[in-house]
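See structure below.
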Protein chains: 2
Amino acid sequence: MLQLSKKVEYGLIALRHMAMKPMGQVFTAKELAKEYDMPYDLLAKVLQKLARHGIVASLQGVRGGYALAKKPTEVTVSLIIRVIEEERPMVAECYTDGPASCYLFGNCTIRKPLGKLQRNLNVLFDTMTVQEIV
Amino acid sequence: MLQLSKKVEYGLIALRHMAMKPMGQVFTAKELAKEYDMPYDLLAKVLQKLARHGIVASLQGVRGGYALAKKPTEVTVSLIIRVIEEERPMVAECYTDGPASCYLFGNCTIRKPLGKLQRNLNVLFDTMTVQEIV
DNA sequence: TAATATAGGACTGTTAAAGTCTGATTTATG
DNA sequence: CATAAATCAGACTTTAACAGTCCTATATTA
């Protein structure tokens, strides 16, 4: 319950690894997967998403791989989750779309109350950066 | 991702409903389910768990039902989650058991870093009570 | 041109969450 | 004392999200 997904975990592990080495250093998905015993294919997809959103830079071809494209202080956990999961971390679906999206409609009584929880959660994830998990 | 389960939502809705009425008032699972359009069977199970842990008192038989057994200020969201899910809200499995439980074993690099996130999350859930969602 | 890397889509398997069904027990009340 | 209405409890089924795999295309270096 309330756990980060494996994909996010894999992403965090990879980003952390990169953040600990000299900026600009290139790593292949293969070596990262091996180092931390993560499924190669899955990690590859995660890195591709991070690349598409400019968090890492990708180099194709033989001596290719990935390198951090942003400073570790600039990448928040919140951003990583949004990029990898394609959604924000939410305590209830209520908050995913407009007001009409709540399955309880008029009778939803926890929307407002949980908003407080949600906002606090947002602060947590928005505040924590890759720098802090090194 | 990172959402509260339906069971927890149902539990929160039910507890909130009770907390808004005079202390000691009895409600049946049936009426609560109807009022908020929740699946009766599921809500019933949730209430039974809350009863077993003394959060609500249950009265069997014809005019039976449930009533709050603790003051709304005494029941934290954290407790509700632990009772209903039978586990704590965790950002990674790492934290569920002893040190050996991490699937990355020696190579887990996010355990310590995520601990910070975990602690902050704990504070959130430990601090928020039923009183605050009324 | 061969080897090695990313890119990306389709697919399958697995698991946890969500929901349902059945029957037993308790108790107020007509 | 029989009945109806409620909790209690466990087994079961369904569903959907997550995790993981597979295949092929494209890019790039040597």
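Within every chain, numbering begins at 1; the chains are lettered A, B, ... in the order of the sequence lines, protein sequences first and strands thereafter. The structure displayed is predicted, hence computed values, not measured ones. Worth knowing before you read on, the calculation uses all heavy atoms, side chains too, and leaves out hydrogens, waters and symmetry mates.
- Ser58(A) has a side-chain polar atom (N or O) that falls below the 4.0 Å cut-off from OP1 or OP2 of dA7(C).
- Residue His53(A) contributes atom NE2, which lies 15 Å from atom C1' of dA7(C) at whole-angstrom precision.
- Look at CD on Gln48(A): it is 16 Å from P on dA25(D), rounded to the nearest Å.
- Looking only at distances, no side-chain donor or acceptor of Glu74(B) sits under 3.5 Å from a matching main-chain atom of Thr129(B).
- Side-chain contact check for Leu32(B) versus Glu35(B): every heavy-atom pair is 4.5 Å or farther apart.
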Going 5' to 3' along nucleotides 11-21 of chain D, which nucleotides have protein heavy atoms under 4.0 Å from the base (write B), which only from the sugar-phosphate (write S), and which from neither (write -)? B-------SBB
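- Within the 4.0 angstrom heavy-atom criterion, only backbone atoms of the sugar-phosphate kind lie near Ala29(B); the bases stay farther away.
- Leu47(B) comes within 4.0 angstrom of no nucleic acid atom, judged by non-hydrogen atoms across all strands.
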Could you walk me through whether Ser78(B) and Asp126(B) satisfy the side-chain hydrogen bond (donor to acceptor under 3.5 Å, both in side chains) test, starting with their C-alpha distance in whole Å, then the side-chain angles of each, then the deciding distance to 0.1 Å, before giving a yes or no? CA-CA 5 Å; Ser78(B) 176; Asp126(B) 287 343; 2.8 Å; yes
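- Under a 3.5 Å cut-off, the side chain of Lys49(B) and the backbone N or O of Val83(B) do not form any donor-acceptor pair.
- In this structure, Leu32(B) places its CG atom 9 Å from P of dT7(D), rounding to the nearest Å.
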Begin with the C-alpha distance, continue with both residues' side-chain angles, and end with the deciding distance and a verdict on side-chain contact (heavy atoms from CB on, under 4.5 Å) for Leu2(A) and Phe125(B). CA-CA 12 Å; Leu2(A) 281 162; Phe125(B) 289 118; 3.6 Å; yes
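- Between Leu15(A) and Ile133(A) there is no side-chain heavy-atom pair separated by less than 4.5 Å.
- Arg52(A) has a side-chain polar atom (N or O) that falls below the 4.0 Å cut-off from OP1 or OP2 of dG8(C).
- Between Tyr10(A) and Leu47(A) the shortest side-chain heavy-atom distance does not fall below 4.5 Å.
- In this structure, Leu50(A) and Val46(A) have side chains that are in contact, with non-hydrogen atoms separated by less than 4.5 Å.
- A donor-acceptor pair under 3.5 Å is absent between the side-chain atoms of Gln131(B) and the main chain of Pro72(B), judged by distance alone.
- Between Met90(B) atom CE and dA16(C) atom P there is a gap of 16 Å when expressed in whole angstrom units.
- Spacing between atom CG of Leu43(B) and atom C1' of dA9(D) amounts to 16 Å, rounded to whole angstrom units.
- When rounded to the nearest whole Å, the span between CG of Asp37(B) and P of dA18(C) equals 16 Å.
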Give me, pair by pair, the N or O atoms of the protein and of nucleotides 28-30 of chain C that are less than 3.5 Å apart, along with how far apart they are.
none

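- Per the geometry, CD belonging to Glu9(B) stands 15 Å off C1' belonging to dG19(C), to the nearest Å.
- The distance from atom NZ of Lys49(A) to atom C1' of dG9(C) is 13 Å, rounded to the nearest whole Å.
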